Number of protein chains: 2
Amino acid sequence: MKLSAKVEYGVRAMAMLAIHYQAGPLPLSKISEQEKISLNFLEQIFPDLRRSGLVESVRGAHGGYMLSSAPETIRVGDIVRAVEGPITPVNCLSENKSEVRCHREGDCLTRKVWERLRDRINDVLDDVFLNELVE
Amino acid sequence: MKLSAKVEYGVRAMAMLAIHYQAGPLPLSKISEQEKISLNFLEQIFPDLRRSGLVESVRGAHGGYMLSSAPETIRVGDIVRAVEGPITPVNCLSENKSEVRCHREGDCLTRKVWERLRDRINDVLDDVFLNELVE
DNA sequence: TTAATTCCGACTAATTGACTAAGGTATCAC
DNA sequence: GTGATACCTTAGTCAATTAGTCGGAATTAA
């Protein structure tokens, strides 16, 4: 029952971008330096954030990344899902998989517990906005 | 953000024990057969449940496992923690580890989010009792 | 005794996680 | 244009975890 390190780092990095909001693009090297996260690892995380539209990148000299919208509008849940994909506490909740292991589907009693768990996790993560992390 | 298969199977197996509550010990072979879970894997899960006091074992012929208390008193959270250990959504929340990676500790802002997440997960899991899964 | 069953510990194959390395491509200041 | 800066992509590695296997020892009802 763990989030990945990518998520942990991703949230820290996004918090740092929130601090520098509207102060121009921030290079990953700066984030790497200050948050003590491997530059290469950050370069692996940020494409995910960009594809989800949470950040924008500016290339070239003095380039870097910046939030594409105000910190007040970005939920921690957005970051988690961007980096790690949808929250699925157990396998039988991931739709795409051809897991017929759960042979019941409809009337599975334990399934309801997992569904409720998933929803509550999303609730908690969606209840916190980026600006709350940096003040 | 996943629970392990051990937890998923453990809850299903415990639900089956709840159905057979007060009907004598149930051998793992029966559970394996009906729930389509590898017998050897079940034998790996049940020692954890026994050590946590959730089930009792009867050795020898016609032995098996049985709940050590009524289904109404056993929480899904008890099962999850017995099989998987304490819930720690991110590394910096696990006490025993010598992870000084999180150099802030006290005033870490993101930490509060993870703590809240952990608490809510426990809340949801502790809100469901075994008898609710089998009726 | 014998068969059924729990218990115990080591072993393994496959997957995932957490990075590291290297090279390529785009952009901008000068 | 040139070189520095920064993004982008792919691949590889190393350790831990997962989901089991396997074999055997202890226990007990019949």
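This is a predicted model, so every value here is computed, not measured. In the text below, chain A, chain B and the rest are named by the order of the sequence lines, each starting its count at 1.
The listed nucleotides are D:dT18, C:dT6, D:dC7; the one nearest the side chain of B:Ser4 is D:dT18. For B:Pro27, whose side chain is taken as the heavy atoms from C-beta onward, the closest listed nucleotide among C:dA22, D:dC7, C:dT6 is C:dT6.
Between the CD atom of A:Glu84 and the P atom of C:dG17 there is a distance of 8 Å, rounded to whole Å. Rounded to a whole Å, the NZ atom of B:Lys36 is 19 Å from the C1' atom of D:dA19. In this structure, the CE atom of B:Met66 is 15 Å from the P atom of C:dT5, given to the nearest Å. Rounded to a whole Å, the CG atom of A:Leu28 is 15 Å from the P atom of D:dT5. The nearest whole Å value for the distance from the CG atom in B:Asn40 to the C1' atom in D:dG23 is 10 Å. Summarising the geometry, the separation between CD on B:Glu43 and C1' on D:dA19 is reported as 14 Å, rounded to the nearest angstrom. Note: NZ (A:Lys2) to C1' (C:dT16) measures 14 Å, nearest angstrom. For the pair A:Ile45 CD1 and D:dT9 C1', the interatomic distance rounds to 16 Å; values are reported in whole Å.
Under the 3.5 Å distance criterion, with hydrogens and angles disregarded, no donor-acceptor pair is assigned to the side chains of A:Ser68 and A:Glu56.
When heavy atoms are screened at a 4.0 angstrom cut-off, A:Arg50 is found touching the sugar-phosphate backbone but no base atom. As judged by a 4.0 angstrom heavy-atom cut-off over every strand, B:Phe46 is placed among residues making no nucleic acid contact.
Taking 4.0 Å as the cut-off between side-chain N and carboxylate O, A:Arg116 and A:Asp119 do not count as a salt-bridged pair. Contact check on B:Lys6 versus B:Asp48 returns a salt bridge, with a Lys/Arg side-chain nitrogen under 4.0 Å from an Asp/Glu carboxylate oxygen.
Counting heavy atoms of neighbouring residues, nucleotides and ligands inside a 6.0 Å radius, atom CZ of B:Arg81 exceeds 12 of them.
Between B:Ser38 and the phosphate of D:dG20, there is no side-chain N or O to OP1/OP2 separation shorter than 4.0 Å. For B:Tyr9, a side-chain nitrogen or oxygen approaches OP1 or OP2 of D:dG20 to under 4.0 Å.
Across the interface with DNA chain D, nearest-nucleotide mapping of A:Pro47 and A:Gly63 shows A:Gly63 to be the residue nearer the 5′ end. Projected onto DNA chain C by closest heavy-atom contact, B:Ser29 and A:Phe41 fall at different nucleotides, the more 5' of which corresponds to B:Ser29.
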Practice task
Please report the C-alpha distance between A:Glu135 and A:Asn131 in whole Å, then the side-chain angles of each, then the deciding distance to 0.1 Å, and finally whether the side-chain contact (heavy atoms from CB on, under 4.5 Å) criterion is met.
Solution key: CA-CA 7 Å; A:Glu135 59 201 14; A:Asn131 63 308; 4.2 Å; yes

Handout entry: Candidate pair B:Arg75 and B:Phe129, rule side-chain contact (heavy atoms from CB on, under 4.5 Å), full reasoning
Key = CA-CA 4 Å; B:Arg75 303 166 191 270; B:Phe129 290 84; 3.4 Å; yes

Exercise for the section: Take nucleotides 25-30 of chain C nucleotide by nucleotide from the 5' end and write B, S or -, depending on whether a protein heavy atom sits under 4.0 Å from the base, only from the sugar-phosphate, or from neither. Expected result: BSBSS-

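Taken together through direct or relayed side-chain contacts under 4.5 Å among Ile, Leu, Val, Met, Phe, Trp and Tyr, B:Met16 and B:Leu54 form part of one hydrophobic cluster.
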